[in-house]
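Note: hydrogens, waters and symmetry copies are ignored here, and every other heavy atom, side chains too, is used. Both ligands and their constituent atoms are indexed starting at 1 by order of listing. Positions are given from 1, in the same order as the sequence printed here.
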Amino acid sequence: MTAVGGAPREVLVVAAAAFAHTAAALLAEAIGAAVTARGKCRIVLAGGRTPAAVYRLLAVDATIPWAQVSAFIGDERCVPPDHADSNYRMISETLLSLVSIGDDRIFRLRGELGGAAAAAEYDVMLDALSGQPKFDIVISGMGADGHTASLFPGDPTVERATGWAMSSVAPPQFAISDRAGLTLRALNATRLQVVLCTGNDKQSVRRRILSDAPEAASLPVARLSGMERTVWIVDPD
Ligand code: 6PG
């Protein structure tokens with residue numbers, strides 16, 4: 001399977017019952033390996049619903065050296081952090097509030113500021129972050145339309161963005177339109193890219209992406225890759 005500029009895609013097809021465990025095991029191993037190799041691990045956490053079960057398993061995995069981990073947020077819906085639609089709220093409730101990761105190592109994307117201001121603030125923070133690549137691990141999700149994070153198909157700014165964070169407007173089918181999140185450049189500035197994709201509603205788009213259908217190549221999620229590994233964890237067709 002080809003990938004765009006990064007490591008070739010590896011596709012793990014996992015039955016729904018084993019999905020969260022497989023993803024959590026792979027991520028726990030990768031976090032440990034990063035800390036062993038470099039003394040620290042920078043991880044970007046995805047929003048949406050799919051990662052929640054994975055985060056809950058990571059939260060109870062005593063082998064993970066959380067004190068050496070820094071956590072970033074892939075994108076945010078521009079609502080307060082206690083709002084039901086807040087990605088940070090989900091990530092905090094299922095993981096960050098349950099593990100010994102210092103507040104100074106949690107880099108929240110302040111959606112409550114509004115998309116433009118939140119993205120600008122996060123872009124400055126990420127730009128100042130030393131190290132190449134910026135991240136050790138990026139966890140990403142996929143929408144049925146082929147979006148990832150808050151990068152939506154047909155949005156010309158996805159291609160044009162040269163910074164690390166950007167604001168965007170979600171299409172009408174999404175509850176929260178005002179968004180902020182990492183650019184493609186930032187999502188791909190990682191050693192390991194893990195795309196979590198389950199659900200019947202996503203199968204047709206996913207099938208076209210993973211079979212390298214030309215018309216699917218420009219979808220934001222299809223543009224994701226890691227410099228060392230690009231792993232898609234999917235449920236069976
Ligand atoms: C968001 C996410 C988004 C998500 C996909 C998949 O803010 O909604 O960042 O990109 O990953 O929409 O969402 P589900 O996991 O809920 O299907």
Side-chain angles (χ1 to χ4, degrees), residues 14 16 19-20 22-24 27 43-58 71-96 107-115 118-119 122 135 137-155 157-158 161 164-184 186-188 190 193-207 209-210 216 219-224 230-235:
V14 183
F19 187 91
T22 303
L27 290 163
I43 186 167
V44 175
L45 301 166
R49 291 154 303 180
T50 306
V54 179
Y55 295 159
R56 288 193 187 90
L57 291 171
L58 291 174
F72 302 82
I73 309 297
D75 77 309
E76 188 56 280
R77 299 99 176 244
C78 292
V79 292
D82 58 358
H83 188 284
D85 289 321
S86 162
N87 280 336
Y88 178 76
R89 177 176 167 180
M90 180 278 286
I91 294 169
S92 177
E93 288 177 352
T94 59
L95 179 60
L96 297 179
F107 298 85
R108 187 171 72 83
L109 188 39
R110 299 200 295 160
E112 67 272 25
L113 300 178
Y122 219 58
F135 308 113
I137 304 168
V138 168
I139 303 173
S140 300
M142 170 185 152
D145 59 352
H147 82 265
T148 189
S150 281
L151 305 179
F152 295 94
D155 177 350
T157 58
V158 170
W164 302 105
M166 57 180 273
S167 61
S168 63
V169 178
Q173 67 263 36
F174 295 95
I176 310 295
S177 58
D178 191 17
R179 302 291 192 100
L182 271 55
T183 58
L184 262 181
L187 290 170
N188 287 345
T190 184
Q193 177 78 235
V194 177
V195 180
L196 303 176
C197 180
T198 64
N200 296 342
D201 60 334
K202 302 174 184 180
Q203 283 183 357
S204 68
V205 170
R206 182 183 75 206
R207 208 176 294 129
I209 292 169
L210 298 182
L219 292 171
V221 70
R223 308 288 308 285
L224 294 176
T230 306
V231 180
W232 282 60
I233 308 180
V234 306
D235 55 0

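A donor-acceptor contact shorter than 3.5 Å is absent between the side chain of R77 and the backbone of I176. For the pair D178 (side chain) and G114 (backbone), a donor-acceptor distance under 3.5 Å is absent.
Using a cutoff of 4.0 Å between basic side-chain nitrogens and carboxylate oxygens, D235 and R206 are scored as salt-bridged.
Remark: of the listed residues I209, V194, L196, I209 is the sole one forming a side-chain contact (heavy atoms from CB on, under 4.5 Å) with W232.
Using a 4.5 Å heavy-atom threshold, the side chains of L96 and Y88 count as touching.
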Using atom types as modelled, flag every donor-acceptor pair under 3.5 Å from a side chain in residues 143-154 to any protein atom, sequence neighbours excluded.
from, atom 1, to, atom 2, distance (Å)
D145, OD1, H147, N, 2.9
D145, OD1, H147, ND1, 2.6
D145, OD2, H147, ND1, 3.4
T148, OG1, G141, O, 2.7
S150, OG, D75, OD2, 2.6
S150, OG, R179, NH1, 3.0

Pick out the protein N or O atoms lying less than 3.5 Å from any N or O of ligand 1, and list each pair with its distance.
from, atom 1, to, atom 2, distance (Å)
ligand 1, 7 (O), D75, OD2, 2.9
ligand 1, 7 (O), R77, NE, 2.9
ligand 1, 7 (O), N87, ND2, 2.9
ligand 1, 7 (O), R179, NH1, 3.3
ligand 1, 8 (O), R77, NE, 3.4
ligand 1, 8 (O), R77, NH2, 2.6
ligand 1, 9 (O), D75, OD1, 2.5
ligand 1, 9 (O), D75, OD2, 3.1
ligand 1, 10 (O), H147, NE2, 3.3
ligand 1, 10 (O), A149, N, 3.0
ligand 1, 10 (O), A149, O, 2.6
ligand 1, 12 (O), H147, NE2, 2.8
ligand 1, 15 (O), R49, N, 3.2
ligand 1, 15 (O), T50, N, 2.9
ligand 1, 15 (O), T50, OG1, 2.6
ligand 1, 16 (O), R49, N, 2.7
ligand 1, 16 (O), R49, NE, 2.7
ligand 1, 16 (O), R49, NH2, 3.1
ligand 1, 17 (O), R49, NH2, 3.2
ligand 1, 17 (O), K202, NZ, 2.7

